[in-house]
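Predicted model only: the values in this text are computed from it and were never measured. Only this structure's heavy atoms are used, side chains among them; waters, hydrogens and symmetry mates stay out. Labels below follow one simple rule: chain letters A, B, ... track the order of the sequence lines, proteins then strands, and each chain is numbered from 1.
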Number of protein chains: 2
Amino acid sequence: MDIYDKKDKFFVAVDCIIFGFDKGKIKLLVFNRKIDPFKGAVSLVGSFVRIGETVSEAAVRILKEFTGLENVYMKELSTYSSVDRDPGYRCISVAQYALIRIDNDIKTLIEERGAKWFDIENIPELVLDHNEMVMDALERIQKIARYEPIGFELLPKKFTIPQLQTLYEAIYRRKLDPRNFRKKILSLDVIIKLHEKDKTGSKKGAFLYKFDYKKYIDLQKSGYNFEI
Amino acid sequence: MDIYDKKDKFFVAVDCIIFGFDKGKIKLLVFNRKIDPFKGAVSLVGSFVRIGETVSEAAVRILKEFTGLENVYMKELSTYSSVDRDPGYRCISVAQYALIRIDNDIKTLIEERGAKWFDIENIPELVLDHNEMVMDALERIQKIARYEPIGFELLPKKFTIPQLQTLYEAIYRRKLDPRNFRKKILSLDVIIKLHEKDKTGSKKGAFLYKFDYKKYIDLQKSGYNFEI
DNA sequence: TCAAAAGTGTTCTCAATACACCCATGA
DNA sequence: TCATGGGTGTATTGAGAACACTTTTGA
């Protein structure tokens, strides 16, 4: 007889809160459940952790199974453990979030599997406590965006300064001054101007930039103040 | 037959990383395990979550059982879920941390139960992955201290500005300018000067202050920049 | 030719930093 | 009387915020 014999055991799940950015809006990745429980309802990407993997490995596996996405760097948000959060079973969920670049490959992958993007200003009713998780994740990224160059992860590899500004405006939910924004971003010295223009946004066209990843990593480490 | 039947179940634990501040040093609360497993080893305060409680309720219960401490506001740090983190059993642990005021009542409570404080510059070998948890928690509080008035939670109800400065110096691990420190703290307008002096630190004595809790809460919400 | 978005500079305010001396008191 | 820590003020620098006009070009 050993102390562990008397202890309770739990189902442990992970739920992935995946944000993207497309057409000036922040999007959330969700899918329609095809099986019970909650068949037909809208849910975050999530499932159960297996005995032989860590929570973080489970998140990677589950995201891949549901959406085909790979190489997504997720961070832990929080655990959700209300006794009645899942009405049928006692299950603790560890929510993980990530910000990803939505490119055409990803669009195709995701559509094939029946997942879809919802504008975060207009998120539908989700199963269980998933709406609460999403709200917490949004709060988290708003907070983090003030101190880390988080926004860059959401943009395509080549992007314009007005696009970057639109992204920050979506995160902060307020308008920013284009002159001050440009000055601040350029002063950080983490983006490199290219000799191409993007003409989809205007007739004049805006210069494309790319990240200087090395400097970007340094900036992340130093905890530089990104408040805009 | 139902999908839950095939899923794995886990032991779920909480480990509490409790920091205090005494004699100019940040301290960590640990205890000597009196029972197996790891009898005699040094460990964080921690135990198993029960089926009928949330992780956070478990943390409160466990902290009270081990130390007698009540009304401690713990925040979630992270989950620790390596497959082999506990060599005997598959157990996921949710680490929670808190900063508390060490007063005489607390000293008595804790000593009675065989828990003790270690200087964080000199933490002993702890069981399992507890050292990793402590390192992660220290990193977290250093980061958070830059944006929230976190340090105040560690001081006695009445404290002097030099004491507060010593605390921030311990968190940041560097010396601060006393004139600039005083100016910054007073400009935040969250401490109230009392008409008493503390003479334990010097012959001249230093004026005692107390918190203005209302303003302190506002400051926490606004995410004011506390970088010093 | 004009509508629509991109791009550019200056001023002002305020907070952070650097820095040196006097004060009060118990031993 | 003197050693010890407490307490004070100023000048400089740099970043953030406010703010309006010119440029480019496809329709």
Side-chain angles (χ1 to χ4, degrees), chain A residues 23-25 145-149 151 155-156 158-172 174-210 219 222-228, chain B residues 23-24 145-149 151 155-156 158-170 172 174-210 219 222-228:
Chain A
K23 301 193 185 69
K25 305 277 188 183
R146 297 215 301 247
Y147 315 120
E148 292 179 31
L155 287 175
K158 295 176 183 182
F159 57 90
T160 67
I161 289 181
Q163 276 167 14
L164 186 60
Q165 180 174 341
T166 308
L167 167 58
Y168 273 89
E169 287 176 342
I171 292 174
Y172 295 141
R174 65 185 168 93
K175 285 284 169 195
L176 302 171
D177 181 282
R179 287 159 296 189
N180 293 339
F181 182 82
R182 182 177 292 266
K183 200 193 310 174
K184 171 82 180 185
I185 291 296
L186 291 174
S187 77
L188 297 175
D189 195 28
V190 287
I191 63 175
I192 298 168
K193 192 174 187 173
L194 304 175
H195 298 283
E196 310 165 60
K197 279 192 163 187
D198 172 276
K199 295 229 170 189
T200 60
S202 72
K203 290 159 186 172
K204 184 178 176 183
F207 276 103
L208 287 162
Y209 288 76
K210 65 173 183 176
L219 203 59
S222 71
Y224 182 88
N225 187 5
F226 230 70
E227 201 148 4
I228 290 177
Chain B
K23 301 193 184 71
R146 296 215 303 245
Y147 315 120
E148 292 179 31
L155 287 176
K158 295 176 182 180
F159 57 90
T160 67
I161 290 182
Q163 275 166 15
L164 186 59
Q165 180 174 342
T166 308
L167 167 58
Y168 273 89
E169 287 176 341
Y172 294 142
R174 64 184 169 93
K175 285 284 168 193
L176 301 171
D177 181 284
R179 286 158 297 191
N180 294 339
F181 183 82
R182 182 177 293 266
K183 199 193 310 173
K184 171 82 182 187
I185 291 297
L186 291 174
S187 77
L188 296 174
D189 195 29
V190 287
I191 63 175
I192 298 168
K193 191 173 186 174
L194 303 174
H195 298 284
E196 310 165 59
K197 279 192 164 186
D198 172 274
K199 296 227 171 188
T200 60
S202 73
K203 290 158 186 172
K204 184 177 176 183
F207 276 104
L208 287 162
Y209 288 77
K210 64 172 183 177
L219 203 60
S222 71
Y224 182 87
N225 186 5
F226 230 71
E227 200 148 4
I228 289 176

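Distance NZ/Lys199(A) to NZ/Lys204(A): 10.5 Å, rounded to 0.5 Å. Remark: Gln165(B) CD to Lys175(B) NZ distance equals 7.5 Å, nearest 0.5 Å. Interatomic distance, Leu194(B) CG to Thr160(B) OG1, rounded to the nearest 0.5 Å: 11.5 Å.
The separation between Leu164(B) atom CG and dG5(D) atom C1' is 17 Å, rounded to whole Å. We find that CG of Asp198(B) is positioned 15 Å from C1' of dA24(C), with the value rounded to whole Å. Counting to the nearest Å, the C1' atom of dA15(C) and the CG atom of Asn180(B) are 11 Å from each other. In this structure, NZ of Lys184(B) is placed 8 Å from C1' of dA15(C), rounded to the nearest angstrom. For the pair Leu194(A) CG and dA6(C) C1', the computed distance is 16 Å after rounding to whole Å. Taking atom NZ on Lys199(A) and atom C1' on dA27(D), their separation rounds to 13 Å, with Å as the unit. Between the CZ atom of Arg174(B) and the C1' atom of dA18(C) there is a distance of 14 Å, given to the nearest Å. dG5(D) atom P lies 14 Å from atom CD of Gln163(B), rounded to whole Å.
Comparing Asp177(A) and Lys197(A), the nucleotide of DNA chain D nearest to each residue sits closer to the 5' end for Asp177(A). Toward the 5′ end of DNA chain C lies the nearest nucleotide of Lys203(A), the other residue of the pair Lys203(A) and Leu186(A) mapping further downstream.
In this structure, Arg182(A) reaches the dG7(C) phosphate: one of its side-chain N or O atoms is under 4.0 Å from OP1 or OP2. In this structure, Arg179(A) does not reach the dG7(C) phosphate: none of its side-chain N or O atoms is under 4.0 Å from OP1 or OP2.
Looking at the side chain of Ala206(A), the nearest of the listed nucleotides dA27(C), dG6(D), dA6(C) is dA6(C). If you check dA5(C), dG26(D), dG6(D) against the side chain of Ser202(B), the one that comes closest is dG6(D).
In the interface, the side chain of Lys204(B) is not paired with the base of dA24(C) through any donor and acceptor atom under 3.5 Å apart. Counting distance only, with no hydrogens placed and no angle test, the side-chain atoms of Lys183(B) and the base atoms of dT17(C) include a donor-acceptor pair under 3.5 Å.
Of all non-hydrogen atoms in Pro162(A) and Arg182(A), the two that sit nearest each other are CD-NH2, 4.3 Å.
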Stepwise side chain to side chain contact (heavy atoms under 4.5 Å, CB included) check, Tyr209(B) with Leu155(B): CA-CA 11 Å; Tyr209(B) 288 77; Leu155(B) 287 176; over 6 Å; no
